[in-house]
Amino acid sequence: MALSPESMPEKPFDFRAPPPSPIASGRRSCVTNEDVLSEFLEHSLRVPDLVLPDKVFPRQNFIENPPKIDFQLLSSMESDSLSKILDSIARIGCFQLVNYGIEGECIRSALAAAAGIFQLPLEKRRAVTRSPPEKLYGFEEAHGEKEEEGEGKVSEEFVWCRGAGLKLEMEAIWPVGYSNFSEKMESLLCDMEKVAEKILMAIRQNLPPKTDYENDMKQGQGGIGSGCYVYKHSRNMSAEKCSGSLRYDVIRMLIRGFDYSHALCLHVCDGSSEFHVYSKKGWVSFCPDKDALVITVGDQTQALSGGKFKHVIGRPIYKGEEEDCISMAFLYSPPSTTNTTKVDPQKGKNTISLSQQAIAAIVLTLVYHILVFVYNKF
């Protein structure tokens with residue numbers, strides 16, 4: 001049905017949007033706001049200029065020779081002399097030891113036998129290569145062909161210990177020579193341990209009592225106790241090559257250090273041109289006295305002293321030598337009381353292993369089921 005004109009609305013609906021609100025008279029324009037924002041971002045996002053030091057490598061400082069101590073007078077030494085040594089290990093972490101009671105022939109014989117280790121072919125060395133933390137003894141792992149051939153290296157490294165694993169592996173590649181070398185090293189290590197034990201006792205007597213001594217003087221990693229780092233120093237190294245390789249050794253030692261926890265390290269380095277002492281706080285060097293042992297402080301002694309004595313890493317340097325030189329670093333750790341506890345052999349005979357317990361449990365279970373079956377059957 002059509003609508004009449006009278007029934008239609010007078011005006012159609014108005015769908016137009018409302019007019020925009022007026023801009024306040026005090027509000028800034030868009031251009032002004034953009035300038036303020038740009039200025040704010042420029043100041044807040046400004047990156048500071050970084051100024052790096054010219055030399056990031058630790059600086060080498062030559063110092064006077066550390067004080068010497070007569071081992072035979074260690075127990076009766078005057079307090080002022082001993083205080084100098086304690087002050088030295090607190091400042092630079094080392095001192096020198098003379099008249100220590102080990103025959104020179106014993107040391108020279110061990111050094112001569114050690115030279116034969118580095119004469120083994122590279123193929124045989126690879127079988128006894130160190131791979132921390134799985135195996136902490138043997139030859140240092142080489143990286144690249146030049147390092148395997150010994151080129152560009154100031155020194156080569158071999159770690160010896162009393163472990164049966166090293167003995168079996170070395171006798172497989174060097175059956176005749178290793179037994180002779182190991183016997184000489186065992187004899188020399190026993191003498192070094194006696195010296196280190198007396199030194200450590202003198203140091204302990206000048207420290208306040210510590211109740212957790214056994215925890216601080218913990219056994220070395222892997223239960224090795226005492227061991228020895230044997231180094232072969234290459235002859236006729238140029239100054240440039242020696243400097244470059246030395247910097248590499250410094251960085252490597254500062255990062256890795258020794259793989260074994262120890263209390264003291266006794267360095268056999270007679271004839272060395274310099275002795276370098278490395279720590280995370282500095283690098284010092286001096287010229288060691290003839291026939292003197294250089295004693296450096298280990299991490300266990302640093303813990304024992306509450307951080308008073310500095311844990312350092314020492315390394316002798318040989319310059320201008322016409323022949324290869326051998327040096328040794330004996331690591332000493334006192335025996336742990338927890339590891340040396342004796343076990344009653346009679347108690348060991350009555351011990352039941354886990355496998356025996358498992359078999360007994362299976363047998364008892366079968367017997368139980370058989371008894372239940374018989375009971376229900378009859």
Side-chain angles (χ1 to χ4, degrees), residues 93-94 97 102 107 110-118 120 125 128-133 135-142 147 150 153-163 165-167 169-170 178 181-182 184-193 195-196 219-234 245-246 248-272 274-279 288 293-301 311-318 324-333:
C94 71
L97 188 70
I102 302 178
I107 296 178
L111 293 174
I117 291 180
F118 300 101
L120 292 172
R125 291 196 203 182
V128 197
T129 299
R130 296 169 55 202
S131 56
K135 186 171 65 174
L136 302 180
Y137 57 79
F139 294 95
E140 178 187 7
E141 186 176 6
E147 285 198 5
K153 299 184 65 177
V154 174
S155 63
E156 300 177 49
E157 182 180 303
F158 176 83
V159 180
W160 176 86
C161 65
R162 292 186 173 118
L166 175 62
K167 181 179 180 181
E169 293 183 21
M170 288 300 298
Y178 184 75
F181 164 72
S182 184
K184 296 181 183 299
M185 290 296 295
E186 177 67 31
S187 176
L188 183 56
L189 178 59
C190 290
D191 293 337
M192 291 290 180
E193 287 178 330
V195 173
Q219 194 78 349
Q221 297 181 16
I224 185 177
S226 300
C228 181
Y229 279 68
V230 184
Y231 300 99
K232 172 195 169 186
H233 303 267
S234 303
S245 183
L246 182 60
Y248 167 79
D249 287 344
V250 171
I251 296 175
R252 182 178 63 89
M253 284 186 292
L254 289 178
I255 296 175
R256 192 185 73 181
F258 283 122
D259 294 320
Y260 298 109
S261 175
H262 62 286
L264 296 172
C265 185
L266 291 74
H267 299 265
V268 179
C269 53
D270 190 31
S272 61
E274 299 174 1
F275 191 89
H276 292 196
V277 180
Y278 311 105
S279 69
L293 293 179
V294 179
I295 314 297
T296 56
V297 173
D299 61 307
Q300 296 178 14
T301 303
H311 172 213
V312 298
I313 300 173
R315 179 69 66 87
I317 303 298
Y318 293 80
D324 294 338
C325 298
I326 302 294
S327 68
M328 296 181 177
F330 290 88
L331 304 181
Y332 172 72
S333 294

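Bear in mind that the values here come from a model prediction, so they are computed numbers and not experimental data.
Look at Lys167 and Glu186 and you find no salt bridge, because none of the NZ, NE, NH1 or NH2 atoms lies under 4.0 Å from a carboxylate O.
To the nearest 0.5 Å, the span separating NE2 on His311 from OG1 on Thr296 amounts to 7.5 Å. With rounding to the nearest 0.5 angstrom, the OG atom of Ser234 is 5.5 Å from the CG atom of Asp324. Expressed to the nearest 0.5 Å, how far CE of Met328 lies from CG of Leu266 amounts to 13.0 Å. Taking CZ of Phe158 as the start and SG of Cys228 as the end, the distance is 9.5 Å to the nearest 0.5 Å.
Leu189 has its side chain within reach of Trp160: a pair of non-hydrogen atoms, C-beta onward, lies under 4.5 Å apart. With contacts defined as side-chain heavy-atom distances shorter than 4.5 Å, the pair Phe118/Arg125 qualifies. Residues Val277 and Ile313 have side chains not in contact (no heavy-atom distance under 4.5 Å, counting atoms from C-beta outward). Asp299 places a side-chain heavy atom less than 4.5 Å from the side chain of His262.
Residues Tyr318 and Ser327 come closest through the heavy atom pair OH-CB, 3.8 Å. Nearest approach of Val294 to Cys269, heavy atoms of both residues: CG2-SG, 4.0 Å. Between Ala114 and Ile326, the shortest heavy-atom distance links the atoms CB-CG2, 4.1 Å. Nearest heavy-atom pair across Val159 and Leu136 is CG1-O, 3.6 Å. The heavy-atom pair separating Cys161 from Tyr137 by the smallest distance is SG-CB, 4.1 Å. Closest of all the heavy-atom pairs between Tyr229 and Glu157 is CE2-OE2, 3.5 Å.
Thr301 contributes a side-chain N or O that, together with a main-chain N or O of Ala263, makes up a donor-acceptor pair within less than 3.5 Å. Remark: the backbone N or O of Ser226 is not paired with any side-chain donor or acceptor of Arg162 at under 3.5 angstrom. Of the possible donor and acceptor atoms, one in the side chain of Ser333 sits under 3.5 Å from a partner among the backbone N and O of Ser261.
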Please walk me through it: do Met192 and Tyr332 pass side-chain contact (heavy atoms from CB on, under 4.5 Å)? CA-CA 8 Å; Met192 291 290 180; Tyr332 172 72; over 6 Å; no

Take Leu166 and Tyr178 through the test side-chain contact (heavy atoms from CB on, under 4.5 Å) and record every step on the way to the result. CA-CA 10 Å; Leu166 175 62; Tyr178 184 75; 3.6 Å; yes

Step by step, work out the side-chain contact (heavy atoms from CB on, under 4.5 Å) result for Val195 and Leu97. CA-CA 10 Å; Val195 173; Leu97 188 70; 3.5 Å; yes

List the steps and the verdict of side-chain contact (heavy atoms from CB on, under 4.5 Å) for Ile107 and Leu188. CA-CA 7 Å; Ile107 296 178; Leu188 183 56; 3.9 Å; yes

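Checked by atom type, the side-chain pair Tyr231/His233 shows no donor-acceptor distance below 3.5 Å.
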